[in-house]
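In what follows, every chain begins at residue 1, and chains take the letters A, B, ... in the order their sequences are listed.
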There are 2 protein chains.
Amino acid sequence: MATTIKDIARQAGVSAATVSKVLNRKDHSIGEKTREKIWSLVKELNYTPNSIARSLITRSSRVIGVIVPDILNAYFTELVRACDQAARERGYSTILCNSDSDPEKEASHLTFLASHGVDGIVLAASDLIPDAHLLERLRIPLVSMDREIPDLDCLAARIDTDYETGAFLSASHLIRAGHRRIAFVSGNPQASNTKIRRAGFERAHREAGLPVDPDLIECGAFNHRFGLVATRTLLDRTSFTAMCCMSDMLAMGATVALRERGLSVPEDCAVIGFDNIYIAPLLVRPLSTIERRISESGYLAIGALIDFLDDPTHPRRMVLMEPTVIQRETT
Amino acid sequence: MATTIKDIARQAGVSAATVSKVLNRKDHSIGEKTREKIWSLVKELNYTPNSIARSLITRSSRVIGVIVPDILNAYFTELVRACDQAARERGYSTILCNSDSDPEKEASHLTFLASHGVDGIVLAASDLIPDAHLLERLRIPLVSMDREIPDLDCLAARIDTDYETGAFLSASHLIRAGHRRIAFVSGNPQASNTKIRRAGFERAHREAGLPVDPDLIECGAFNHRFGLVATRTLLDRTSFTAMCCMSDMLAMGATVALRERGLSVPEDCAVIGFDNIYIAPLLVRPLSTIERRISESGYLAIGALIDFLDDPTHPRRMVLMEPTVIQRETT
DNA sequence: CTAGCTTAGGTAAACGTTTACCTAACGAGT
DNA sequence: ACTCGTTAGGTAAACGTTTACCTAAGCTAG
């Protein structure tokens with residue numbers, strides 16, 4: 001139905017190979033007028049090369065798969081958007097997969113992406129430890145973001161955030177403001193993701209000569225729903241004057257729970273988030289948070305991946321993003 | 001490198017055609033033991049068919065393209081997520097494109113999707129009128145969501161929202177609460193999208209015997225940045241006690257501007273949004289809004305598209321979603 | 001005994017590209 | 001007159017599938 005390279009070739013009176021060479025700018029040995037004729041036919045017939053056929057023969061699709069736990073989490077929305085933009089700027093496009101933090105879904109997305117011939121994959125934060133055997137078998141260049149990952153030879157880069165420092169800053173910020181009983185809410189307690197943050201939180205207390213009350217800790221997931229229920233649980237169990245939430249979504253859920261109980265933020269209880277999602281400053285009471293430059297890390301991930309695709313001997317990158325405090329009105 | 005159908009065939013001692021038949025369940029004429037041998041080899045060698053080769057020959061990729069103006073707008077995040085989920089449930093996957101409301105980007109995404117052989121496209125709300133010639137030429141089954149679109153024969157369905165009623169409800173809600181001077185903030189003033197909403201807004205006033213002051217109208221874009229600047233402009237120009245924002249993102253921007261001037265919501269100025277994005281109830285002061293069942297409309301879009309793909313004579317769907325009011329704490 | 005059906009599977013073309021290698025003509029240098 | 005290079009372009013295989021059509025054997029019915 002659509003125009004193919006053969007249509008162009010026939011109408012130009014040359015072979016398909018010649019057209020292909022011109023289209024791919026490998027036309028040092030093609031005459032000027034043939035070249036022009038081909039280009040004008042391409043315009044006239046609105047010819048666009050069939051990427052599928054091209055991928056089949058070149059074994060490269062110029063597509064990058066991006067796997068995130070849940071795009072509804074505004075943090076991942078921003079990340080995905082940045083990855084997509086970075087990829088397009090370099091002639092790639094992306095295909096997005098939500099794993100819902102489910103190992104089976106993650107594995108099925110991985111094989112899906114492989115069967116669709118993606119050139120590389122960005123595997124973003126998740127409580128999961130990815131299936132090393134599968135990754136090993138697939139042998140697709142990979143960038144890991146904020147997650148535990150085995151040291152595969154198809155690992156192009158790791159982009160991690162210094163969660164220890166982030167959590168340390170977050171707790172210190174509140175301790176300096178005079179808080180003594182600070183709740184800590186984070187994701188899956190088994191994930192290194194959360195363990196490291198907890199370590200930073202505890203270090204801040206240690207350095208300030210403060211104890212850490214285990215009753216003030218609630219870990220489960222990074223979404224707003226957990227923020228809501230964790231805060232309710234904490235309020236029922238104990239008392240505190242501030243909350244360290246390890247994601248902005250958690251902080252949003254927490255604030256709703258505090259309001260429910262008639263507590264106002266930050267007067268009755270201060271709340272600090274983590275991520276600085278673009279919504280944070282738009283809340284009616286703008287949320288204090290830990291900035292982690294989400295878009296920049298997306299750009300880094302895609303950049304590292306494409307550099308690796310261009311040249312697999314390119315030195316692997318290991319980036320550790322340094323978070324900073326942003327004080328708004330909730331603390 | 002990866003296992004192909006020929007590897008399976010060789011090891012099973014049959015031809016590739018036989019393997020293909022078994023894999024595709026067209027194996028009525030294949031012996032029981034051959035069948036079993038093939039399946040066990042498939043498992044053993046971790047064979048996954050190469051989707052690219054398959055697409056090339058079958059001319060179907062089981063991929064659906066989704067074009068939105070900007071995934072950072074939480075409304076589209078939810079929509080995209082719903083489309084993706086609906087598609088996966090029916091064995092399709094999606095590929096996402098952000099047009100940034102730019103006609104050139106939209107056109108380039110359209111040809112990109114075409115060259116990658118997507119089976120269908122969901123074209124979501126945008127201030128743009130799509131390039132009818134391009135669409136006509138591409139001949140890819142299409143679902144249009146909340147946008148003006150020519151009546152192409154590849155149009156599988158239209159999913160629209162009854163914006164006139166939505167805006168009417170929104171304004172009436174505020175009028176009933178006693179407001180007399182209500183600002184109206186919406187997207188691109190040229191787009192039918194906005195004109196229709198404005199009509200609903202005006203009808204609510206007419207039916208209540210109230211005049212509409214043109215000074216209270218500001219139209220430009222649907223994002224939070226415009227909400228912020230439009231509200232500043234309105235506050236500088238005139239006075240009002242309530243705002244009809246035609247998207248929740250606008251409402252979020254508006255609330256920030258009101259706070260800036262020391263006005264509290266809803267005491268000094270009520271604000272109502274539109275869309276009921278999932279963040280609306282999480283704002284420290286939960287946002288009143290117009291519900292439009294975003295996920296449901298995503299499901300509808302993908303469902304209509306796939307039905308059309310399955311059977312192009314399937315009756316075209318024209319859905320008009322009916323919005324409702326959700327009162328929270330900003331009104 | 002043979003026409004015809006069923007069962008089990010093979011053959012080869014096709015999808016739309018890319019690319020390694022070939023050819024043919026022409027001119028220049030020796 | 002011959003090699004050699006260059007220029008301009010063609011040939012055909014290859015990528016990994018699917019599928020229309022073929023074959024060959026075995027069986028059954030008349």
Side-chain angles (χ1 to χ4, degrees), chain A residues 1-39 41-42 45-63 111-119 138, chain B residues 1-39 41-42 45-63 111-119 138:
Chain A
M1 196 77 255
T3 324
T4 77
I5 204 172
K6 289 178 188 165
D7 299 326
I8 306 281
R10 189 161 14 80
Q11 297 204 32
V14 298
S15 75
T18 304
V19 179
S20 172
K21 284 173 194 160
V22 171
L23 259 51
N24 293 291
R25 262 103 188 166
K26 302 192 169 165
D27 51 0
H28 49 88
S29 82
I30 306 294
E32 190 56 42
K33 36 192 50 165
T34 314
R35 214 177 300 187
E36 275 168 19
K37 175 161 231 167
I38 287 172
W39 280 118
L41 278 168
V42 164
L45 303 180
N46 289 308
Y47 168 71
T48 326
N50 180 321
S51 311
I52 298 195
R54 181 177 279 187
S55 299
L56 186 57
I57 186 80
T58 62
R59 305 164 154 280
S60 143
S61 58
R62 297 190 82 74
V63 173
T111 58
F112 168 83
L113 291 172
S115 94
H116 279 264
V118 296
D119 291 348
L138 261 26
Chain B
M1 195 77 256
T3 327
T4 77
I5 203 172
K6 289 180 188 162
D7 299 326
I8 305 283
R10 188 161 15 80
Q11 298 204 32
V14 298
S15 75
T18 305
V19 179
S20 172
K21 284 173 194 160
V22 172
L23 259 51
N24 294 291
R25 262 103 190 166
K26 301 190 170 166
D27 50 1
H28 49 88
S29 82
I30 306 295
E32 190 56 41
K33 38 191 48 166
T34 314
R35 214 177 298 186
E36 275 168 20
K37 176 160 231 166
I38 288 171
W39 280 118
L41 278 167
V42 163
L45 304 179
N46 288 309
Y47 169 71
T48 327
N50 179 322
S51 312
I52 299 196
R54 181 179 278 186
S55 299
L56 186 58
I57 186 80
T58 61
R59 302 162 158 281
S60 145
S61 57
R62 298 190 80 74
V63 173
T111 59
F112 167 82
L113 291 172
S115 95
H116 280 263
V118 296
D119 291 348
L138 262 26

A.B. asks: Let me know the distance between NZ of K21(A) and C1' of dA20(C), rounded to the nearest Å.
C.D. replies: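 Rounded to the whole Å, the gap is 10 Å.
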A.B. asks: Scan L41(A), I38(A), D7(A), I30(A) and name whichever one has a side-chain contact (heavy atoms from CB on, under 4.5 Å) with V19(A).
C.D. replies: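 Filter result, single survivor: I38(A).
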A.B. asks: Given dG9(D), is OP1 or OP2 found less than 4.0 Å from the side-chain N or O atoms of T34(A)?
C.D. replies: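 Looking at the OP1 and OP2 atoms of dG9(D), one of them is under 4.0 Å from a side-chain N or O of T34(A).
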A.B. asks: When the nearest nucleotide of DNA chain D is assigned to L56(A) and to L23(B) on a heavy-atom basis, which residue is associated with the more 5' position?
C.D. replies: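 Closer to the 5' end of DNA chain D: L56(A).
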A.B. asks: Check whether any side-chain nitrogen or oxygen of Y47(A) sits under 4.0 Å from OP1 or OP2 of dG16(C), and answer yes or no.
C.D. replies: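 Result: no.
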A.B. asks: Measure from the side-chain heavy atoms of A53(A) and tell me the nearest of dA12(C), dA12(D), dT17(C).
C.D. replies: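 Comparing dA12(C), dA12(D), dT17(C) against the side chain of A53(A), the answer is dT17(C).
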A.B. asks: Rounding to a whole Å, what distance do you find between I57(A):CD1 and dC15(C):P?
C.D. replies: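 The answer, rounded to whole Å, is 16 Å.
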A.B. asks: Please check this pair: side chain of T3(A) against backbone of L45(A), looking for a donor-acceptor N/O pair closer than 3.5 Å.
C.D. replies: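 Yes; judged by distance alone, with no hydrogens or angles, the pair exists.
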A.B. asks: Is there a donor-acceptor pair under 3.5 Å between the side chain of T58(A) and the backbone N or O of R54(A)?
C.D. replies: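 Confirmed, T58(A) side chain pairs with R54(A) backbone.
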A.B. asks: So what does T4(B) touch, heavy atoms closer than 4.0 Å: a base, only the sugar-phosphate, or nothing?
C.D. replies: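 Sugar-phosphate, no base atom in range.
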A.B. asks: Using side-chain heavy atoms (C-beta onward) and a distance below 4.5 Å, is K37(A) in contact with V14(A)?
C.D. replies: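 No - every pair of side-chain heavy atoms lies 4.5 Å or more apart.
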A.B. asks: Please give, in whole Å, the distance from dT17(D) P to H116(A) NE2?
C.D. replies: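 Answer to the nearest Å: 13 Å.
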A.B. asks: Rounded to whole angstrom units, what separation is found between the NE2 atom of H28(A) and the C1' atom of dG9(D)?
C.D. replies: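 H28(A) atom NE2 is separated from dG9(D) atom C1' by 11 Å.
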A.B. asks: With the side chain of N24(A) defined as its heavy atoms from C-beta on, choose the nearest nucleotide among dT17(C), dT19(C), dT18(C).
C.D. replies: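 My answer, after comparing the listed nucleotides, is dT18(C).
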A.B. asks: Could you check I30(A) against T58(B) and say which one's nearest nucleotide on DNA chain D is further toward the 5' end?
C.D. replies: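 Looking at the nearest nucleotide for each, I30(A) comes out on the 5' side.
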A.B. asks: Considering every strand and a 4.0 Å limit on heavy-atom distances, what is the contact class for K26(B): base, sugar-phosphate, or nothing?
C.D. replies: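 The answer is sugar-phosphate, as K26(B) gets under 4.0 Å only of primed atoms, P, OP1 or OP2.
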A.B. asks: Between dT17(C) atom C1' and R10(A) atom CZ, what is the distance in whole Å?
C.D. replies: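 These atoms are roughly 16 Å apart.
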A.B. asks: Within the distance-only criterion (no hydrogens, no angle test), does the side chain of S61(B) pair as donor or acceptor with the backbone N or O of S55(B) below 3.5 angstrom?
C.D. replies: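 Side chain of S61(B) to backbone of S55(B), a donor-acceptor pair under 3.5 Å: no, none is there.
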A.B. asks: If only side-chain N and O atoms of T18(A) are considered, is one of them under 4.0 Å from the OP1 or OP2 phosphate oxygen of dG10(D)?
C.D. replies: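 Yes, such a contact exists.
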A.B. asks: Within the structure, does a side-chain N or O atom of S29(B) lie under 4.0 Å from either OP1 or OP2 of dA8(C)?
C.D. replies: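 No.
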A.B. asks: Which part of the nucleic acid does S51(B) contact within heavy-atom distance under 4.0 Å: base, sugar-phosphate only, or nothing?
C.D. replies: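 The answer is nothing, as S51(B) stays clear of every strand by at least 4.0 Å.
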A.B. asks: What nucleotide, of dT17(D), dG10(D), dG16(C), holds the atom closest to the side chain of R59(B)?
C.D. replies: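 Closest nucleotide to the R59(B) side chain: dG16(C).
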A.B. asks: Measuring from atom CH2 of W39(A) to atom CG of L23(A), what distance do you get when rounded to the nearest 0.5 angstrom?
C.D. replies: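 One gets 5.0 Å once the value is rounded to the nearest 0.5 Å.
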A.B. asks: What is the separation between atom NZ on K6(A) and atom P on dT11(D), rounded to the nearest whole Å?
C.D. replies: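 Going from K6(A) (NZ) to dT11(D) (P), I get 13 Å.
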A.B. asks: dC15(D) C1' sits how many Å from N50(B) CG, rounded?
C.D. replies: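 Distance check: N50(B) CG to dC15(D) C1' gives 8 Å.
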A.B. asks: Please state how far atom CZ in R35(B) lies from atom P in dA8(C), giving the value in whole angstrom units.
C.D. replies: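 Value for this atom pair: 8 Å.
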A.B. asks: Considering only side-chain heavy atoms of S15(A), which listed nucleotide, dA12(C), dG16(C), dT11(D), is closest?
C.D. replies: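 Of the candidates, dT11(D) comes closest.
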